[in-house]
Engineer: 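Structure provided below as structure tokens; questions to follow.
Computation of the quantities below employed the complete heavy-atom set of this structure, encompassing side-chain atoms and omitting hydrogens, waters and symmetry-equivalent molecules. It should be emphasised that the depicted structure is a prediction, and the values quoted were computed from it without experimental measurement. Every number for a ligand or one of its atoms is a count from 1 in the order of the listing.
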Amino acid sequence: MPNTHKLVLERPFQLQNLPTDGKQFHPNRDDAETEFKALRNEFVDLQERLYAEDKQKLLIVFQAMDAGGKDGAIRNVLKGVNPQGVRVQSFKAPSKEDLAHDFLWRIHKVVPARGMIGVFNRSHYEDVLVVRVHNMVPESVWRPRYAQINQFEKLLHDTGTRILKFYLHISAAEQKARFQARLDDPEKHWKFSLEDLEKRKFWPDYMAAYEEMLHECTTEWAPWYVIPANQKWYRNLAVMRTIVHTLREMNPQFPAGVDNLHGVVIE
Ligand code: ATP
Ligand code: MG
């Protein structure tokens, strides 16, 4: 079994010591892309079964720094999957209505239903990341959220949802290169905002917030995977391996044939 980058808390870890570079885990890009495509075909097949079975649910959470590759990972991984069985949800800054409720309100409304795969582009974790780094609420409000999140994810787990959480880990240098590429290409300007540069100034604070969040919210029922994400081809493969491995374990089955179809003739 290749390294899945599943976070284990046996030893204390520092995010800066976890790899951002995928090349050391895979010698050859072409081979990685071939494996990725084969796994994607299997994913398409497993997703169809999950949908037809209509019993289990899968929730996939993506978190990353700006330009960390959430959009690219989602686009590549979901290519070819039946859109009816998947719901991608992006979480931007909360609305006034969202803020009038508890922080999980807008999240809980859109968790996957039976037979569905839900994909979160950002998530409830923003409420212990951006919110913490920029002091949007006091510590007395955000700190209890680790336990609240764990309980919330336990509820989802106990009611038939498998949860996978991916942190796409890029280096500060890689973020700089990606921002520069966005600046240099007019067709990428829409992906760039000056706010991104403001947030970049807080890189160490974000790393500290991610690190503590990963410590506090790694549970048996909702593991984190810290994916080396400087190379997009390796990031895609590592994410896909974990999703397919999980779906194999879930082992969805087409429903048994309806017996009154036996002997039916279509004239
Ligand atoms: P891209 O990565 O492609 O730029 P994005 O997810 O950054 O996409 P944007 O519209 O650029 O999308 O930014 C959304 C912003 O909303 C992010 O800065 C994120 O931190 C912020 N946000 C998300 N959830 C919350 C939250 N609960 N509280 C405050 N800000 C939030
Ligand atoms: Mg952005």
Side-chain angles (χ1 to χ4, degrees), residues 20 59-79 87-111 118-150 152-153 165-172 174-214 216-217 227 229-230 232 235-236 239:
T20 52
L59 173 61
I60 304 172
V61 172
F62 285 99
Q63 283 292 154
M65 294 295 283
D66 288 304
K70 300 184 303 303
D71 291 5
I74 291 169
R75 192 173 60 246
N76 282 285
V77 165
L78 292 183
K79 201 165 162 184
R87 177 166 176 179
V88 180
Q89 194 72 44
S90 294
F91 292 98
K92 311 277 179 187
S95 69
K96 235 176 130 184
E97 193 188 12
D98 294 333
L99 289 171
H101 293 82
D102 71 85
F103 77 106
L104 291 171
W105 179 75
R106 66 172 183 159
I107 311 290
H108 205 167
K109 281 196 293 190
V110 293
V111 297
V119 178
F120 285 180
N121 183 346
R122 303 187 188 271
S123 67
H124 41 301
Y125 285 98
E126 293 293 325
D127 291 282
V128 289
L129 295 167
V130 67
V131 166
R132 167 184 176 168
V133 170
H134 300 287
N135 296 312
M136 294 174 187
V137 298
E139 180 166 356
S140 59
V141 172
W142 62 254
R143 185 162 290 284
R145 287 179 174 168
Y146 297 132
Q148 290 160 356
I149 287 172
N150 290 342
F152 171 63
E153 292 178 350
K165 303 182 295 196
F166 294 106
Y167 168 54
L168 307 179
H169 191 24
I170 58 166
S171 61
E174 180 64 20
Q175 188 195 50
K176 184 175 181 192
R178 291 185 186 184
F179 279 170
Q180 192 62 53
R182 289 178 179 186
L183 267 179
D184 293 345
D185 178 353
E187 293 194 352
K188 288 187 177 168
H189 282 178
W190 66 275
K191 284 193 178 186
F192 190 77
S193 80
L194 290 174
E195 251 176 53
D196 293 348
L197 293 185
E198 276 311 301
K199 276 158 86 194
R200 179 173 164 79
K201 292 183 188 152
F202 291 86
W203 183 277
D205 296 342
Y206 271 100
M207 288 303 108
Y210 265 104
E211 201 166 281
E212 186 164 14
M213 173 284 271
L214 291 166
E216 297 298 321
C217 297
I227 303 292
N230 277 3
K232 296 170 184 172
R235 169 201 77 200
N236 292 342
V239 167

Engineer: So if I count the atoms of ligand 1 from 1 in the order they appear, which ones are less than 4.0 Å from some heavy atom of V130?
Structural biologist: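 Listed by number with element: 20 (O), 29 (C), 30 (N), 31 (C).
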Engineer: When the ring planes of W105 and H101 are compared, do they come out parallel, tilted or perpendicular, using 30° and 60° as the limits?
Structural biologist: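 Rings of W105 and H101: parallel, as their planes differ by under 30°.
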Engineer: My understanding is that we take every heavy atom of each candidate and find the minimum distance to atom 31 (C) of ligand 1. Doing that for A93, G69, G68, which one comes out nearest?
Structural biologist: A93
Engineer: Begin with the C-alpha distance, continue with both residues' side-chain angles, and end with the deciding distance and a verdict on side chain to side chain donor-acceptor pair (under 3.5 Å) for H124 and Q148.
Structural biologist: CA-CA 10 Å; H124 41 301; Q148 290 160 356; over 6 Å; no
Engineer: Drop me the distance from R132's CZ to Y125's OH, to the nearest 0.5 angstrom.
Structural biologist: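 So the gap between those two atoms works out to 14.5 Å.
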Engineer: Thinking salt bridges, do E195 and K199 make one under a 4.0 Å N-O criterion?
Structural biologist: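 No, this pair does not count.
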Engineer: May I ask you to list the atoms of ligand 1 that are less than 4.0 angstrom from any heavy atom of D127?
Structural biologist: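 Listed by number with element: 27 (N).
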Engineer: With only distance considered, is E126 within less than 3.5 Å of ligand 1 through an N or O on each side?
Structural biologist: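 Such a contact does occur with ligand 1.
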Engineer: Can you name the atoms of ligand 1, numbered from 1 with element, that are less than 4.0 Å from a heavy atom of K199?
Structural biologist: 17 (C), 18 (O), 20 (O)
Engineer: Going by the order shown, which atoms of ligand 1 are within less than 4.0 Å of some heavy atom of K70?
Structural biologist: 2 (O)
Engineer: Any Lys/Arg nitrogen of E212 or R143 sitting under 4.0 Å from an Asp/Glu carboxylate oxygen of the other?
Structural biologist: yes
Engineer: Between D71 and R235, is there a side-chain N and carboxylate O pair less than 4.0 Å apart?
Structural biologist: no
Engineer: Counting heavy atoms only, which part of V131 comes closer than 4.0 Å to ligand 1: side chain, backbone, both or neither?
Structural biologist: side chain
Engineer: Does ligand 1 have any atom sitting under 4.0 Å from a heavy atom of P94?
Structural biologist: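 Yes; P94 lies near enough to ligand 1 that a heavy-atom distance drops under 4.0 Å.
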Engineer: With a cut-off of 4.0 Å, which atoms of ligand 1 are near a heavy atom of D66?
Structural biologist: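 Those atoms are 7 (O).
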Engineer: Considering only heavy atoms, does H124 approach ligand 1 within less than 4.0 Å through its side chain, its backbone, both, or neither?
Structural biologist: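 Contact part for H124 vs ligand 1: neither.
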Engineer: Relative to ligand 1, is D196 under 4.0 angstrom through side chain, backbone, both or neither, heavy atoms considered?
Structural biologist: neither
Engineer: Is the ring pair H134/F202 parallel, tilted or perpendicular, if the boundaries are 30 and 60 degrees?
Structural biologist: perpendicular
Engineer: Whether the side chain of R200 engages the backbone of A172 through a donor-acceptor N/O pair (distance < 3.5 Å, no angle test) should be reported.
Structural biologist: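 The answer is yes, because a donor-acceptor pair under 3.5 Å joins these two groups.
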Engineer: Quick one: are M207 and M65 in side-chain contact, heavy atoms under 4.5 Å?
Structural biologist: yes
Engineer: Taking 4.0 angstrom as the limit and counting only heavy atoms of D71, give me the atoms of ligand 1 inside it, by number and element.
Structural biologist: 3 (O)
Engineer: Out of R182, R106, K92, K191, whose heavy atom is nearest to atom 8 (O) of ligand 1?
Structural biologist: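 Answer by nearest heavy atom: K92.
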